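Computed over heavy atoms, backbone and side chain alike; hydrogens, waters and symmetry mates excluded. First the proteins, then the strands, lettered A, B, ... as listed; each starts at 1. What you see is a predicted model; the values in this text were computed from it and never measured.
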There are 2 protein chains.
Amino acid sequence: MKQSAVLIPTLREVPADAEVKSHQLLLRAGFMRQNASGIYSFLPLGKRVLNNIEKIVREEMERAGSVEMLMPALQQAELWQESGRWYTYGPELMRMKDRHSREFALGATHEEVVTSLLRDEVKSYKRLPLNVYQIQTKFRDEKRPRFGLLRGREFVMKDAYSFHATAESLDDVYQKMYDAYGRIFERCGLNFRAVIADSGAMGGKDTHEFMVLSEIGEDTIAYSDTSSYAANVEMAPVVATYEKPSVQEGKLEKVATPEQKTIEEVAAFFNTEASQCIKSLLFKVDDRYALVLARGDHEVNDIKVKNYFEASTAELASPQEVKEVMNCEVGSLGPIHLPNTIEVVADHAVKAVANGIAGANEEGHHFTNVNPERDFNATYTDLRFIEVGDPSPDGEGTIKFAKGIEVGHVFKLGTRYSEAMGATFLDENGRSQPMIMGCYGIGVSRTVAAVAEQFNDENGLVWPKNVAPYHIHLIPVNMKNDDQKEVAEKLYETLLDKGYQVLMDDRQERPGVKFADSDLIGLPVRVTVGKLAAEGIVEVKVRETGESMDVSIDELQDKLAALLG
Amino acid sequence: MKQSAVLIPTLREVPADAEVKSHQLLLRAGFMRQNASGIYSFLPLGKRVLNNIEKIVREEMERAGSVEMLMPALQQAELWQESGRWYTYGPELMRMKDRHSREFALGATHEEVVTSLLRDEVKSYKRLPLNVYQIQTKFRDEKRPRFGLLRGREFVMKDAYSFHATAESLDDVYQKMYDAYGRIFERCGLNFRAVIADSGAMGGKDTHEFMVLSEIGEDTIAYSDTSSYAANVEMAPVVATYEKPSVQEGKLEKVATPEQKTIEEVAAFFNTEASQCIKSLLFKVDDRYALVLARGDHEVNDIKVKNYFEASTAELASPQEVKEVMNCEVGSLGPIHLPNTIEVVADHAVKAVANGIAGANEEGHHFTNVNPERDFNATYTDLRFIEVGDPSPDGEGTIKFAKGIEVGHVFKLGTRYSEAMGATFLDENGRSQPMIMGCYGIGVSRTVAAVAEQFNDENGLVWPKNVAPYHIHLIPVNMKNDDQKEVAEKLYETLLDKGYQVLMDDRQERPGVKFADSDLIGLPVRVTVGKLAAEGIVEVKVRETGESMDVSIDELQDKLAALLG
């Protein structure tokens, strides 16, 4: 395409309200513009990246056996009332009324619509499994839209839903979709991890998030430095083992610690390490209380506590609750001399503490020479957050941390929706069963931003070839020079014929402007037609490496084939 | 794709509320399902047709130099207030509020959004012309959604907008888009006409509607039986000429016609033809009145009256107004003995009436032997509707009528939006000018229905190759027969490798069910693997013609190449 015909409004200045690189650069390079908070127009270059990603998604969905359809954005309130989400989704679900005052939701997601469709159309196990997807605009009225396309209110999503007669069939399709997601983000050029995630309150089992590694990510990932293991930091089990040092067990002794409230203060007071202290936390687990112990240098993971107790909720008790239940302040809690009604559960690391320090359940006092199995009873299990340097749970390598942007999510939904909405089928024995479901999402417009976030330098964007808006930026330095113009025009046609996607800068701008815009836009290869045009020589520059070379036009095809594959 | 993995819920019965063929068949053949009134899900087959049409649209838009982008569905109310349409669009424009109670419109069309974008980003004639398009879901809360995809509340549209510094530039792009539209609908296989249309109240000049010819269309098209001329019946000029018969002019005579009110009654009373009567209609033209004359057998075209007077409105006066202004009833109006204040304008045909009949402007009386130029003065011009049998306005052939479904619209908008919204540029002389705009729409989902409406027979849909969801329906008659299954599986792979899109009916259904579903779905070619499979022979059947033939597998490729090109 000739650049004069394409709307690419580049900006020299960094827009004031754009905090992150991708947001800044997609605005500066003219890929998008904001219409309202969290609502954007994709300008021509942005739309081409979006289309490239959609194409990759479609190809991999088809390969995984998912079939495309298109459901409406306008969804009747009644469907959301059936699933219950009309009442629980909150203001993020955009709602409106039609001319007859019937209520609708603007699709934030399509579980309800697709479940009602399958409920009506599929009655027998013979028609299962089915796996459908769509690429569609979604609406979520985020409280704080930010980071441009990374958290918007109107965005493009690929959502897929699978329906099964058996859990094995779901496992099979889940794996196929998981593999497809890996291929999709790989083809986009992204540095990502498939991360074991929290299945939340959905009642699902397996769930993985696909996280693009990035400083600006909102989630922390624990990953192995040698294997492919990765998990949301909240989900990673700790497999570290601890050996109790073989020292003489000292005599349990109560010591006044009038000013020492925190682990750090207590450790300092006793002139020892935090790891010698036993941290004691009172949790409210559903309707009862439990004392949770961890080593002083470890963090207790609420989710592990909740899971251990198989509870609906598990939260730290408030200072007031601690006072009421234990008759002391938070900083003096400990596992010794406890009421029988309080269950004690401890992280494995606690067991290996020798002659440690613990609260005395008495205002302003601690015990020293605490030896867990001698001085108190507890159940030992994995209760702490994994940490950098811990052994990887899969047994390979050690754990590192990274921040991630979630671009995809695969999820075993189970029967959450099919039960609520009566989507049943007759099994081989003629019995009515709820369909077993999986759901699979990709933030397509978010992926545009994720790529931009990972691929840029101080001069602008650096698109990987598979998603770049065009392959080649063809730049005649001076459009008033007949040689340059003629060579460029001819090259343009030739390169198009060869199947390259070419953006030709036919504007009458100064070379400095053209080159700066070109770097900002960030196509993989730049072909500059300059002073040596008359001699049949052009310059080829690789955006990623900055490498540039003079190439004769005769050899240009080979050079481009080598660079662009 | 294997049919077992695709959701194609066919129906034997015609759905009760589906009035037209396309609606019935798209439901019956499992291409779509209704979610709410005027809101549909495209099931996999329907989505493939939609995708095929979108692909054709994209290719032709690019060829015409239009560049793809994507604007949001959520549009701030402020934009629509600037253009004024927030107040004039009525309940068809769907409106809602976000969590902060800010008002939004759901995009029914995007003139406001694109104009505000260009206003912000384009300041100089050097950046014009620009031509952008998008393919996007649109929302219009139709009062009476009907005919399935033909008039829905949520639908897919291609809308393009061009911006120009000069009228000539708009003319040039308008022609390119007009040509592209012709190619698009031709590639879809449609029988259509580009029809000269009413530019309405938009202040635009040229406008063409692309109409698919169909009995169920809501618009009447006047077209030439030999040339490409076609116009909305309201827009076609009449170029017929009339010769006054050379008869002796009789004496003007007033006759009592106490019971004769209509042209038919008057003609019968005088034992003559309606064409001998002069029809006299009082029009209110803006703030004044005018008498409009036509031959008794002709219909006066309001739009032509309005255009003649260059008026904002031109409507028939009410009986009460007639009484007040003319002191007689509607049925007695006539051009003789009129107040001077009433201008008389007559259709050309009136001039050739000899010894005709006209109202006497006196309750219950008519004149006979009326001879226009002798008995009254009038301005003669083209004021009537064109009729079947009239000469075509382009001088070639005679006029026929057809009904049409509007699938596309190209429109010279002019400065309607750029003036209202301040989208100006600096011209070569540094003067600020409003951008001149064109807009160009295609009902993409409506086109799916238009193709279905034109291509079907008593057994189901008959898709033209370019838009068919798959090229080939491969049907093993009995999946339990190993020969058939093996041959079919092998053919499936071979045909996919050759680049054909193949739907293989791998279901364990009776042959009758498979064939009936196959006819209903309507892929161009069916390849049946039956009893002769073991001998290497399959049946090829052409859906359109019903022609079928046994073909050896060795020759199948050649046969398919001949049939599918």
Using non-hydrogen atoms only, which part of A/Glu142 is less than 4.5 Å away from chain B: side chain, backbone, both, or neither? backbone
Would you mind reporting whether A/Asn35 and B/Val113 have side-chain heavy atoms less than 4.5 Å apart? yes
What part of A/Leu118 is in contact with chain B, defined as an atom under 4.5 angstrom from a non-hydrogen atom: side chain, backbone, both or neither? side chain
Walk me through whether A/Thr137 and B/Thr137 qualify under side chain to side chain contact (heavy atoms under 4.5 Å, CB included). CA-CA 9 Å; A/Thr137 299; B/Thr137 298; over 6 Å; no
What part of B/Arg507 gets within 4.5 angstrom of chain A, counting heavy atoms only: side chain, backbone, both, or neither? side chain
Would you say the side chain of B/Val67 lies within less than 4.5 Å of the side chain of A/Leu7, judging by non-hydrogen atoms? no
Any residue of residues 127-134 of chain A which, by heavy atoms, sits under 4.5 Å from chain B: A/Arg127, A/Pro129, A/Leu130
Could you give me the CA-CA distance, side-chain angles and deciding distance for A/Leu106 and B/Leu106, then say whether side chain to side chain contact (heavy atoms under 4.5 Å, CB included) is met? CA-CA 10 Å; A/Leu106 283 184; B/Leu106 282 183; 3.9 Å; yes
Please indicate whether B/Glu13 has more than 12 foreign heavy atoms, meaning atoms of other residues, nucleotides or ligands, lying under 6.0 Å from its CD. no
Does a side-chain N-to-carboxylate-O contact under 4.0 Å join A/Asp120 and B/Arg33? no
Heavy-atom contact with chain B under 4.5 Å, split by part of A/Glu92: both
With a sphere of 6.0 Å drawn around NZ of A/Lys55, does it hold more than 12 non-hydrogen atoms of other residues, nucleotides or ligands? no
Step through the shown structure and confirm whether more than 12 heavy atoms of other residues, nucleotides or ligands are within 6.0 Å of CZ on B/Arg144. no
Among B/Gly65, B/Ala73, B/Pro72, B/Pro91, residue most engaged with chain A (heavy-atom pairs, under 4.5 Å): B/Pro72
With a 4.5 Å heavy-atom cut-off, do A/Ile39 and B/Gln76 have their side chains touching? no
Checking A/Asp141 side chain against B/Arg99 main chain: does a donor-acceptor pair fall under 3.5 Å? yes
Just give me the residue among B/Met1, B/Met69, B/Lys97 that pairs up with chain A most often, heavy atom to heavy atom, under 4.5 Å. B/Met69
Let's test your reading of the structure: which of A/Ser37, A/Ser4, A/Ala5 forms the most heavy-atom pairs below 4.5 Å with chain B? A/Ala5
Output the distance between atom OG (A/Ser41) and atom CD (B/Gln75), rounded to the nearest 0.5 Å. 9.0 Å
Side chain, backbone, both or neither: which part of A/Met71 has a heavy atom under 4.5 Å from chain B? both
Under 4.5 Å to a heavy atom of chain B? For A/Lys143 that would be both
Top contributor to chain A interface from B/Leu45, B/Asn51, B/Val6, B/Asp98 [non-hydrogen pairs under 4.5 Å]: B/Asp98
In this structure, which one of B/Arg153, B/Met94, B/Met96, B/Glu154 forms a side-chain contact (heavy atoms from CB on, under 4.5 Å) with A/Phe104? B/Arg153
Go through the atoms of A/Val114 and report whether side chain, backbone, both or neither lie under 4.5 Å from a heavy atom of chain B. neither
